[in-house]
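To start, the structure under review is shown below, and the notes come after it.
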Amino acid sequence: MDRETMVEQLRSKVCTVTFTKVNGEERVMECTLMDSAIPESKRPKDDSNGVQRTINVISAFDVRKADWRSFRVENVKEFVCP
């Protein structure tokens, strides 16, 4: 799956992403870019909706940790959106 498709799905759903962190650990994260699922105090100040233009990185809101986290697209092992 490419970066654009992942971002598009994150904008409309909460997705479960399994990826390898930079330090080699595996992480499973439930995340989203939906404004309705992000507390107002944590929403981005601009209209980018948390999407950085770094080509291979996606910054998304982790719904379990209630904060922003990033992952590298090339390190994604599984990307599931209900």
Side-chain angles (χ1 to χ4, degrees):
M1 183 177 298
D2 67 8
R3 183 182 188 281
E4 273 187 48
T5 304
M6 289 181 191
V7 169
E8 184 178 305
Q9 289 196 20
L10 287 165
R11 284 186 170 145
S12 62
K13 302 173 186 174
V14 174
C15 302
T16 302
V17 183
T18 304
F19 62 96
T20 304
K21 294 170 41 173
V22 175
N23 68 3
E25 292 177 30
E26 183 175 288
R27 174 130 193 272
V28 178
M29 175 171 70
E30 286 185 34
C31 57
T32 189
L33 292 173
M34 290 188 312
D35 280 339
S36 62
I38 302 169
E40 194 165 338
S41 63
K42 300 274 186 168
R43 290 184 192 158
K45 304 286 185 260
D46 57 25
D47 65 352
S48 67
N49 202 11
V51 180
Q52 298 174 350
R53 286 292 149 207
T54 306
I55 293 175
N56 292 319
V57 175
I58 296 175
S59 181
F61 190 78
D62 183 327
V63 296
R64 288 187 184 160
K65 295 196 181 227
D67 210 353
W68 290 90
R69 299 289 187 263
S70 298
F71 59 90
R72 294 184 172 277
V73 173
E74 67 265 18
N75 293 344
V76 172
K77 294 180 169 185
E78 186 176 43
F79 189 92
V80 179
C81 297

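- Counting heavy-atom neighbours within 6.0 Å of Glu4 CD, excluding the residue itself, gives a total of 12 or less.
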>> What verdict does the side-chain contact (heavy atoms from CB on, under 4.5 Å) test give for Cys15 and Val80, after you've listed the backbone C-alpha separation in whole Å, the side-chain angles of each residue and the deciding distance to 0.1 Å?
In response: CA-CA 6 Å; Cys15 302; Val80 179; over 6 Å; no
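- Atom CG of Asp62 and atom CD of Glu30 lie 8.0 Å apart (nearest 0.5 Å).
- Formation of a donor-acceptor pair under 3.5 Å by the Arg43 side chain with backbone atoms of Asp35 is found in this model.
- Follow the hydrophobic side-chain contacts under 4.5 Å out from Val63 and you never reach Val28; the two are in separate clusters.
- Between Phe61 and Met34, the closest side-chain pair of non-hydrogen atoms is not below 4.5 Å.
- Taken from CZ in Arg11 to OG1 in Thr32, the straight-line distance is 11.0 Å, to the nearest 0.5 Å.
- Looking at Arg3, its side chain never comes within 3.5 Å of a backbone N or O of Val73 through a donor-acceptor pair.
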> Yes or no on side-chain contact (heavy atoms from CB on, under 4.5 Å) for Val17 and Glu78, after CA distance, side-chain angles and deciding distance?
Replying inline: CA-CA 6 Å; Val17 183; Glu78 186 176 43; over 6 Å; no
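- Between Leu10 and Cys31, some side-chain heavy-atom pair lies under the 4.5 Å cut-off.
- Between Glu26 and Lys77 a salt bridge is recorded (basic side-chain N to carboxylate O distance below 4.0 Å).
- Gln9 places a side-chain heavy atom less than 4.5 Å from the side chain of Met1.
- If you take CG on Leu33 and CD on Glu8, they are separated by 11.5 Å, rounding to the nearest 0.5 Å.
- Every residue meeting the ring pair (Phe, Tyr, Trp, His ring centres under 6.0 Å) condition with Phe19, not counting sequence neighbours, appears here in chain and number order: Phe71.
- Nearest heavy-atom pair across Cys81 and Lys13 is CB-CD, 3.7 Å.
- Arg27 places no side-chain N or O within donor-acceptor distance of the main-chain N or O of Thr18, the cut-off being under 3.5 Å.
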> What do the steps show when you test Ser70 against Ile58 for side-chain contact (heavy atoms from CB on, under 4.5 Å), and what is the final call?
Replying inline: CA-CA 5 Å; Ser70 298; Ile58 296 175; over 6 Å; no
